[in-house]
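As C-alpha cells, the structure follows; a few thoughts come after it.
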2 protein chains.
Amino acid sequence: MTNAAQTYHHGDLRTALLEAATKRVAEFGIDSLSLRKLAEDAGVSRTAPYHHFKDKSALLSAIAAKGFSQWHTTAKRIFDQHDVAPQLRFRQFIHEYIGYAADNPQMYELMFGRTIWHDNGATQGLKEVAYPCFQFQVDMTKYWQQTGLLPAGQDALRMAQVTWGTLHGIARLLIDGIYADRSHIDEMCDCAADLFMQVSKN
Amino acid sequence: MTNAAQTYHHGDLRTALLEAATKRVAEFGIDSLSLRKLAEDAGVSRTAPYHHFKDKSALLSAIAAKGFSQWHTTAKRIFDQHDVAPQLRFRQFIHEYIGYAADNPQMYELMFGRTIWHDNGATQGLKEVAYPCFQFQVDMTKYWQQTGLLPAGQDALRMAQVTWGTLHGIARLLIDGIYADRSHIDEMCDCAADLFMQVSKN
DNA sequence: GTTTTATCTTGACAGTGTCAACATTGCATT
DNA sequence: AATGCAATGTTGACACTGTCAAGATAAAAC
C-alpha cells in the first residue's frame, strides 16, 4: 500500500491524493481538507498537487465525480430489478437514496452542495459524470409516470425536479440536522412514498 | 448613517457590523465575508468585532437569525389570510417560499445550510428564532391536514418534514443551480402543489 | 474622584491557497 | 546510446484568513 518514499517522482500521486482526500472528506468533512496537509501526508511538497489538479476546487470535483458514478451505479441496480413490482422499487429507491445520503453525509454534501457548483466552478469531468446522473432521475420519473405510479399529466422534467427535490430536501434536512433526525428516516421515506403514489392511508 | 470616525469608541459597532455583514453576504455570498475586511470597512481594528461576536460563526448566526424572524413574519402573513381559500393560500405559500429562496439565495443558504448548523455550532440566540420558525411549518401542516388539503392519515410531524423537505429541496436545487433554473420556478411550484393536493390534472 | 467595566488597539501566531522560478526525472526522438 | 522535451516535484514567497494575549482608552458606576 505505502511505497512512496525516497524517489523523487511519486509514481501515482494523483490517485494517492484522490484516495486520501476522499477518505479525509468522508471522515472529517469538506472544510477539513487542506491541500498542504494532504501533500504532507502523501510525503510530497506543498505544491506538488498542483501538477495533478488545477486547484482545490478541481480536486473536490474529482472526489464528487467518483461519488456520482458510484451513486449512478446503485440507482441503476435498484431501478433495473424488473422482477420487483414498480411500487416496491419506487419505495426502495427512496429508501436507498435517503440511506445513501445519511450514510455518506459529507460525500452527499460535496456532490449536491454549492461548494463545487456555484460560480460555474464545476469541472468538465464532473459535469460529464453528474449530468447523466441527473438525466437518469428524469428517465426514472418518466417510467413511473408511464406505469401510473406518478401523475402522468405533469411534465416529466418538472415532475422529476419535484420528486428529486423532495428527496434532496429530506436528505439535506437530515444531514444538516435542521429538524429531522436519523431515527425516523424510514417513516419519512414511507411518508414521502405514500404522498407521491397518492395512497391515502386513512 | 455614518458617524464613526475619530472617536475611540465606535458607538454602535455591533449593529454596524451586522448590517454591513448582512449586505455583503446578500451580495457576494457567505464565503466572501471576512472579519478583517468588515472591521476595516467599519473603520475599526481587526479584532474589535470580537468584543461583539464570539467568533465568525456567531456573526453569521446573528445574520441568519434576522433572516429567520423576517421569513417567519412573511409566512405568518400569508397563512393568516383567512379570507383566502386554503387551497389558494397553500399554493401561494409554496410560491412565496421558493420565491424567497430564489430572491435571497445567499441568505437562504446561510439560514438552511450546514455552515451555521453543523457541529452544533448554532448560537442559542439563533435557535430561539429558528425553532419557532420550524414549529410554524408543523402547525401549518396540521392545519392543511385538518382542512383535507393534505392526507390526514399521516403523522403531522412526518408530513411536515416531507412537505418542507420538498420546498427545501427545490429551493436548493434552484440556488445551487444543479438542474433547475429560475425560468421554471412557477411551473415547479404548481407541480409540487398539485402533487401534494392530489389533484390529477389528466 | 476612584474604580470597575466595556470597548478598542497593536502584536503575534498558525494556518490557508496559490503563483513563480528552479530541480529532477522519465520518455521519445534522433 | 545521447539528447531534448515534457512531466513531475521542490523551495521561496505573497497575500490572505481567524483568533488569542496584553495593553490602552473611554465611559459608567460607585
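Quick note on labels: first sequence line is chain A, next is B, and so on, each numbered from 1. The figures here come from the full heavy-atom set of this structure, side chains too, leaving out hydrogens, waters and symmetry mates.
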Using a heavy-atom cut-off of 4.0 Å across all strands, would you classify [X] as base, sugar-phosphate, or nothing?
X     : result
A:L33 : sugar-phosphate
A:S34 : sugar-phosphate
B:K37 : sugar-phosphate

Is a salt bridge present between [X] and [Y], judged by a nitrogen-to-oxygen distance below 4.0 Å?
X      : Y      : value
A:D194 : A:R91  : yes
A:D103 : A:R182 : yes
A:E40  : A:R46  : no

In whole angstroms, how far is the [atom2] atom of [N] from the [atom1] atom of [X]?
X     : N      : atom1 : atom2 : result
B:L38 : D:dC16 : CG    : C1'   : 16 Å
A:R36 : C:dA14 : CZ    : C1'   : 11 Å
B:E40 : C:dT10 : CD    : P     : 12 Å
A:L17 : C:dG17 : CG    : P     : 13 Å
B:R46 : C:dG15 : CZ    : P     : 20 Å
B:L13 : D:dA27 : CG    : C1'   : 16 Å
B:K56 : D:dC20 : NZ    : P     : 14 Å
B:L59 : D:dT17 : CG    : P     : 14 Å

Proximity to the side chain of A:Y50 - top-ranked nucleotide from D:dG18, C:dT18, C:dT9: C:dT18
Among the candidates C:dT18, C:dT9, C:dT7, find the nucleotide nearest to the side-chain atoms of B:V44. C:dT9
5′-ward residue of the pair A:H51/A:L35 relative to DNA chain C: A:L35
Closest nucleotide of DNA chain D for B:K54 versus for A:A48: which of these residues is on the 5' side? A:A48
Tell me, with the steps shown, if B:Q161 and B:R158 meet side-chain hydrogen bond (donor to acceptor under 3.5 Å, both in side chains). CA-CA 5 Å; B:Q161 286 167 335; B:R158 220 63 65 220; 3.3 Å; yes
Verify whether the ring centers belonging to A:Y108 and A:H168 lie closer than 6.0 Å. yes
